[in-house]
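Below is one structure, written out as structure tokens; comments come after it.
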Amino acid sequence: MRTATFLLSLALTLGLATAGAVFERACPTDIEAKQYFSVDAYLGKWYEMQRYESYFEENFDCVQVRYELNDDQSVSVSNSAFNLFNGSTINALGRAVLSFPDEEIIQGKLNVSFFGAPNDRSNYWVLDTDYQTYSVVWSCEELEENLSEESFWVLSRTPIMTADRDVLFRIHNIMRRYIDRSQLRFTRQLDERCPVF
């Protein structure tokens, strides 16, 4: 476990790991984040349902993330995952703040960093959420001219995705506009080996 945590920390700190899917294009500029975003309503535990595969999450399932409010109004982030093949776990601890807290309409854009790295990039965009059921999150990092790295997650408040047709339509609509479905990976949450983090 320590080895996995160390490698994840090293990769994030040095920026050597692929954090998502690499595309031969610049980061899209037409992505719309959630308007009137509420940090307080977003707090709590989420389960990952789908994602773009990443180097540091490769072969990991049972992914859970917990957001809790800190005394300074920042948010503590705890990402946990379990490898069903070898039984290893990772737990990445981080901090999040609103990217643009002084805007009249708060958007679901946050700066998230791990292991004490600088917290100065708007790199976690909540595209849509109802706070009670689901969240759709996207991120993009320019690698070089006409090359970018995108991350994408669908989160659920429970280990089973809702069957609510309105919610599924909203998620599908975002995917249709912004996401390359061929890059998606489903996260296993119902395996009996999944630990409770």
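- Salt bridge annotation for Arg25-Glu145: absent, with no cationic side-chain nitrogen under 4.0 angstrom from a carboxylate oxygen.
- Side-chain contact check for Ser78 and Asn91: at least one donor-acceptor pair (N or O, by modelled atom type) lies under 3.5 Å.
- Residues Val137 and Leu127 form no side-chain contact, since every pair of their non-hydrogen atoms from C-beta on lies 4.5 Å or further apart.
- Separating the CD1 atom in Ile179 from the CD atom in Gln50 is a distance of 10.0 Å, to the nearest 0.5 Å.
- Residues Leu155 and Val63 do not share a hydrophobic cluster, clusters being chains of Ile/Leu/Val/Met/Phe/Trp/Tyr side chains in contact below 4.5 Å.
- No donor-acceptor distance shorter than 3.5 angstrom exists from the side chain of Glu68 to the backbone of Gly44, with no hydrogens or angles considered.
- Taking the six-membered ring where the residue is Trp, the centroids of Tyr67 and Tyr42 are separated by under 6.0 Å.
- Relative to the six-membered ring of Trp46, Arg66 misses at least one condition, a distance below 6.0 Å or an angle of at most 45° to the axis.
- Defined by atom type and a distance below 3.5 Å, a donor-acceptor pair is missing between the side-chain atoms of Ser38 and Asp40.
- Panel note: side chain Glu192, backbone Leu190; no donor-acceptor pair is recorded below 3.5 Å.
- Between Lys34 and Asp130, no side-chain nitrogen of the basic residue sits less than 4.0 Å from a carboxylate oxygen of the acidic one, so the salt-bridge criterion is not met.
- Annotation for Phe197 and Cys62: closest pair CE1-O, 3.5 Å, computed over non-hydrogen atoms.
- One side chain, Ser182 or Asp180, offers a donor N or O that lies under 3.5 Å from an acceptor on the other.
- Asn173 is linked by a side-chain contact (heavy atoms from CB on, under 4.5 Å) to Arg176, Arg177, counting only residues two or more places apart in sequence or in another chain.
- Between the side chains of Ser148 and Glu142, not a single donor N or O lies within less than 3.5 Å of an accepting N or O.
- A donor-acceptor contact shorter than 3.5 Å links the side chain of Asn123 to the backbone of Val112.
- With hydrogens and angles left out, the side-chain atoms of Asp61 and Thr187 include no donor and acceptor closer than 3.5 Å.
- Between the side chains of Arg170 and Tyr134, at least one donor N or O sits under 3.5 Å from an acceptor N or O.
- In terms of modelled atom types and a separation under 3.5 Å, the side chain of Arg51 and the main chain of Ser151 share no donor-acceptor contact.
- Under a cut-off of 6.0 angstrom, the local environment of CD in Gln132 is sparse, with at most 12 non-hydrogen atoms contributed by other residues, nucleotides or ligands.
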